[in-house]
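Right, one structure below, let's go through it.
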Amino acid sequence: MAGAMNAINESASTAGQPVLVTIPISHYCEKARWALDRAGMAYLEKRHLPALHRVAVRRAGGRLTAPVLVCPGGEVVAESSDIVAWADARGASVSCGGEASVLARDYDERLGPATRLWVYHQMFDHPRLVEQSMTDGVPGWERYAYRYGNRALAFAVARVLVINDETAVEAERTFRSVFASVNELLADGRPYLAGDTFSIADLTFASLSAPLIAPPEYGVRLPAVEDLPPSMIPVVEEHRASVAGRHALKMFATERGAVGAAV
């Protein structure tokens with residue numbers, strides 16, 4: 001394992017650019033991509049399927065979760081919010097202190113797990129619908145493994161994340177609570193969640209709500225709303241139309257492609 005870790009560190013150093021280890025569909029990985037893109041930073045993204053990603057992130061020096069950023073020189077940044085802060089220090093212009101960091105931490109702890117669990121639960125019986133999003137950019141053997149072993153993969157993910165009917169109901173209750181709190185926060189007309197500037201709170205909320213709002217600017221192509229399972233469509237449409245959902249969609253539309261130094 002040490003040799004594999006050294007290999008990935010050496011590839012980053014040789015290329016003179018960071019290596020980002022991701023799950024392509026992951027909203028936490030989208031959060032990291034967004035920050036790095038906003039910093040105008042060139043990086044190499046290495047994508048893997050969920051569950052299979054664990055080997056790659058451990059080899060990269062992380063723990064069990066993606067994303068992991070391996071920097072030239074060997075520094076490893078293994079949490080999405082830390083990657084945002086790392087990118088901010090290099091020109092991303094994402095405010096990461098004060099109220100913004102408190103809000104982002106709450107979204108990381110409640111919103112992200114809830115939207116992920118609920119969508120996985122809804123999609124387990126529709127593997128072909130999310131095949132492109134799940135396998136975009138992964139190694140060929142993983143794409144093959146998904147096509148012919150998606151049931152086994154779904155079982156592994158459900159076991160690790162404890163996904164079942166009861167936890168899906170609780171997850172929906174949680175993300176509805178978070179959206180309600182964001183609706184209230186934006187009721188005073190503020191342009192951003194933590195005041196007058198784009199911050200880690202906006203980036204985190206938008207990224208982690210993406211499974212409920214299907215933004216076209218997402219880092220991989222998500223299924224169109226009209227193609228979703230019938231049980232999902234009303235929930236997605238409701239959240240896209242909410243004040244919080246419109247804010248997240250606006251952040252994707254106006255801030256996802258922006259380079260921090262230019263705004």
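Throughout, numbering of the chain's residues begins at 1 and tracks the sequence.
Put simply, V243 and L185 are part of the same group of oily side chains (I, L, V, M, F, W, Y) that touch within less than 4.5 Å, one to the next. Residue V55 is not grouped with residue V138 when hydrophobic side chains (ILVMFWY) are merged at heavy-atom distances under 4.5 angstrom, including chains of intermediate members. Note on V102: it does not cluster hydrophobically with F179, by side-chain heavy-atom contacts below 4.5 Å among ILVMFWY residues. Cluster membership for V119 and I233, using ILVMFWY side-chain heavy atoms within less than 4.5 angstrom, is shared. The hydrophobic cluster containing L161 also contains L212, counting ILVMFWY residues as joined when their side-chain heavy atoms lie under 4.5 angstrom apart, directly or transitively.
Other residues sharing the hydrophobic cluster of Y148, ordered by chain and number and joined by side-chain separations under 4.5 Å: Y144. Taking a 4.5 Å side-chain heavy-atom cut-off between Ile, Leu, Val, Met, Phe, Trp and Tyr, the cluster of Y43 extends to L20, L36, M41, L69, V77, I83, W86.
Partners of E142 by salt bridge (charged side-chain N to carboxylate O under 4.0 Å, His left out), not counting sequence neighbours: none found. R246 pairs by the side chain to side chain donor-acceptor pair (under 3.5 Å) definition with nothing, not counting sequence neighbours.
Taking the six-membered ring for Trp and thresholds of 30 and 60 degrees, W118 and F175 have ring planes more than 60 degrees apart, a perpendicular arrangement.
Although no hydrogens or angles enter the test, the distance criterion places a donor-acceptor pair under 3.5 Å between the side chain of H27 and the main chain of G112. Between the side chain of R33 and the backbone N or O of Y218 there is no donor-acceptor pair closer than 3.5 Å.
With values rounded to the nearest 0.5 angstrom, R190 atom CZ is found 9.0 Å from D196 atom CG. Atom OG1 of T115 sits about 12.0 Å away from atom CD of E172, to the nearest 0.5 Å. Taking CD of E45 as the reference point, atom SG of C29 lies at 7.5 Å (rounded to 0.5 Å). The CD atom of E109 sits 12.5 Å away from atom OG1 of T174, with the distance rounded to the nearest 0.5 Å. Note: Q132 CD to R221 CZ = 5.0 Å, rounded to the nearest 0.5 Å. Rounding to the nearest 0.5 angstrom, the gap separating the CZ atom in F124 from the CG atom in L153 is 8.0 Å.
Using a 4.0 Å cut-off between charged side-chain N and carboxylate O, R151 and D125 make a salt bridge. Taking 4.0 Å as the cut-off between side-chain N and carboxylate O, D37 and R256 count as a salt-bridged pair. Under the 4.0 Å criterion applied to side-chain N and carboxylate O atoms, R47 and D136 are assigned as salt-bridge partners.
Counting heavy atoms from C-beta on, the side chains of P50 and M134 come closer than 4.5 Å. A 4.5 Å side-chain heavy-atom check between P127 and E131 finds every atom pair outside the cut-off. A heavy-atom distance below 4.5 Å is not found between the side chains of H53 and S26. In this structure, S81 and R105 have side chains that are not in contact, with every pair of non-hydrogen atoms separated by 4.5 Å or more. The side-chain heavy atoms of Y28 and D108, taken from C-beta on, include a pair separated by under 4.5 Å. Taking the side chain as every heavy atom from C-beta outward, V84 and W34 never approach each other to under 4.5 Å.
The side chain to side chain donor-acceptor pair (under 3.5 Å) pairs that include a residue from residues 229-245 are Q122-S231, R176-E238, where partners are two or more places apart or lie in different chains.
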Q: Kindly determine whether D88 and R38 satisfy side chain to side chain contact (heavy atoms under 4.5 Å, CB included), including the steps that lead there.
A: CA-CA 9 Å; D88 179 53; R38 188 175 172 87; over 6 Å; no
Q: For side chain to side chain contact (heavy atoms under 4.5 Å, CB included), just list the numbers for K250 and E255, CA-CA rounded to whole Å, side-chain angles, deciding distance to a tenth of an Å, and then say yes or no.
A: CA-CA 8 Å; K250 182 179 179 180; E255 303 287 353; over 6 Å; no
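Across every non-hydrogen atom of L222 and S133, the tightest pair is CA-OG, 3.7 Å. When every heavy atom of M123 is checked against every heavy atom of L228, the shortest pair comes out as CE-CD2, 3.4 Å. Shortest non-hydrogen contact noted between A244 and V182 is CB-CG1, 3.5 Å. Across every non-hydrogen atom of R63 and V57, the tightest pair is O-CG2, 3.6 Å. Looking at every heavy atom in both residues, P67 comes nearest to A32 through CG-CB, 3.8 Å. The minimum heavy-atom distance linking V68 with A60 is given by the pair CG1-CB, 4.0 Å.
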Compile the donor-acceptor pairs under 3.5 Å between side chains in residues 200-210 and protein atoms, sequence neighbours left out, one pair per line.
{"residue": "D202", "atom": "OD1", "partner": "L193", "partner atom": "N", "Å": "2.9"}
{"residue": "D202", "atom": "OD1", "partner": "H247", "partner atom": "NE2", "Å": "2.8"}
{"residue": "D202", "atom": "OD2", "partner": "S199", "partner atom": "N", "Å": "3.1"}
{"residue": "D202", "atom": "OD2", "partner": "S199", "partner atom": "OG", "Å": "3.4"}
{"residue": "T204", "atom": "OG1", "partner": "K31", "partner atom": "NZ", "Å": "3.3"}
{"residue": "T204", "atom": "OG1", "partner": "I200", "partner atom": "O", "Å": "2.6"}
{"residue": "S207", "atom": "OG", "partner": "L203", "partner atom": "O", "Å": "2.8"}
{"residue": "S209", "atom": "OG", "partner": "F205", "partner atom": "O", "Å": "2.8"}
{"residue": "S209", "atom": "OG", "partner": "A206", "partner atom": "O", "Å": "3.1"}

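Checking H121 against D165 by side-chain atom types alone, a donor-acceptor pair falls below 3.5 Å.
Remark: E226 CD is packed, more than 12 non-hydrogen atoms of other residues, nucleotides or ligands lying under 6.0 Å away. At most 12 heavy atoms of other shown residues, nucleotides or ligands fall within 6.0 angstrom of atom CZ in R159.
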